[in-house]
Amino acid sequence: GERLKRRGNGSGGSSTRGAAGGNIPGEALRHLPPEMLQRNVWVGGKVVELALRLPGGKLLPMDSKWVSSGALDQLADTTLDATRRAQLTAQVEREVERRMREVSQYIDPATTSPFALAVIPDAAYDVCRGAIVGAHKRHVMVVGYAMALPYLLTLYQLHLQFARTVDMEKLQSAPIDVEPHPDTLD
């Protein structure tokens, strides 16, 4: 298979090959503080290229490797007949399903969040609704390249809010005198 480059679709997209974290657009990662990201993490005997550090020390595994048979490129051809388009769409859907099975192996209850994040080319995201719904059953959240930045920034905001909440809970649960006093026990 050949590594697919992000198709230019007027959204300023360029090749994402070699970008940090597999193919997750480097633009998305540059907006996150470096201490939030951990690279090349061993999870359950496999290496995930990128993980987001969460409060409490768990990691959110992220993957955006995309190797395609070329079906996605062929789908860009606007002259395809409906039968060929359906065949190519089914092939891309199978590729996405296979990728989601791989990504789901990065989930380890001891070290990671209960789900992983897969970032796939926008063109694949657009034609693979069934595989994306199926991925949720495997605890894999799927976003297209164009949504990687808003999704990661939202996760980051939740991370900050949750981290502050945890700090407040720690503060509020500071040692309190809970020793029973003999004079109050009747």
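Because the structure is a prediction, the values reported are computed rather than measured.
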Got a list of side-chain donor-acceptor pairs under 3.5 Å for residues 80-88, not counting sequence neighbours?
{"unit_1": "Asp81", "atom_1": "OD1", "unit_2": "Thr83", "atom_2": "N", "d": "3.0"}
{"unit_1": "Asp81", "atom_1": "OD1", "unit_2": "Arg84", "atom_2": "N", "d": "2.7"}
{"unit_1": "Arg84", "atom_1": "NH1", "unit_2": "Gln87", "atom_2": "OE1", "d": "3.2"}
{"unit_1": "Arg84", "atom_1": "NH2", "unit_2": "Gln74", "atom_2": "OE1", "d": "2.8"}
{"unit_1": "Arg85", "atom_1": "NH1", "unit_2": "Leu75", "atom_2": "O", "d": "3.1"}
{"unit_1": "Arg85", "atom_1": "NH2", "unit_2": "Asp77", "atom_2": "O", "d": "2.9"}

Give the table of side-chain donor-acceptor pairs shorter than 3.5 Å for residues 107-120, with sequence neighbours excluded, one pair per line with atom names and distance.
{"unit_1": "Asp108", "atom_1": "OD1", "unit_2": "Ala110", "atom_2": "N", "d": "3.3"}
{"unit_1": "Asp108", "atom_1": "OD2", "unit_2": "Thr111", "atom_2": "OG1", "d": "3.0"}
{"unit_1": "Thr112", "atom_1": "OG1", "unit_2": "Asp108", "atom_2": "N", "d": "2.8"}
{"unit_1": "Thr112", "atom_1": "OG1", "unit_2": "Asp108", "atom_2": "O", "d": "3.0"}
{"unit_1": "Ser113", "atom_1": "OG", "unit_2": "Phe115", "atom_2": "O", "d": "2.6"}

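For Glu93, there are no side-chain hydrogen bond (donor to acceptor under 3.5 Å, both in side chains) partners, not counting sequence neighbours. Residues passing the side chain to side chain contact (heavy atoms under 4.5 Å, CB included) test with Lys58, sequence neighbours excluded: none. In this structure, Glu97 has no side-chain hydrogen bond (donor to acceptor under 3.5 Å, both in side chains) partners at least two apart in sequence or on a different chain. With sequence neighbours excluded, the residues satisfying salt bridge (Lys or Arg N to Asp or Glu O under 4.0 Å) with Glu102 are Arg99.
One distance of note links CD of Glu35 with CZ of Arg53; it measures 8.0 Å at 0.5 Å rounding. Taking CE of Met36 as the reference point, atom CG of Leu155 lies at 7.5 Å (rounded to 0.5 Å). Annotation: the span from Leu52 atom CG to Leu59 atom CG amounts to 8.5 Å, rounded to 0.5 Å. To the nearest 0.5 Å, atom CD of residue Gln105 and atom NZ of residue Lys46 are 4.5 Å apart.
Neither Leu158 nor Val143 shares a network with the other; the hydrophobic side chains, linked directly or stepwise wherever heavy atoms of I, L, V, M, F, W or Y lie under 4.5 Å apart, form separate groups for each.
Under the 4.5 angstrom side-chain criterion for Ile, Leu, Val, Met, Phe, Trp and Tyr, the cluster partners of Trp42 are Val47.
Across Pro121 and Leu72, no two heavy atoms sit closer than the pair CB-CD2, 3.9 Å. Val96 approaches Cys128 most closely through the heavy-atom pair CG2-SG, 3.7 Å.
A donor-acceptor pair under 3.5 Å is formed between the side chain of Asp122 and the backbone N or O of Ala146.
Taking 4.5 Å as the limit, every side-chain heavy atom of Met62 sits out of range of all side-chain heavy atoms of Tyr106. Counting heavy atoms from C-beta outward, Met141 and His136 have side chains that approach closer than 4.5 Å.
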*Determine, stepwise, if the pair Gln38 / Leu50 fulfils side chain to side chain contact (heavy atoms under 4.5 Å, CB included).*
CA-CA 6 Å; Gln38 193 165 325; Leu50 193 63; over 6 Å; no
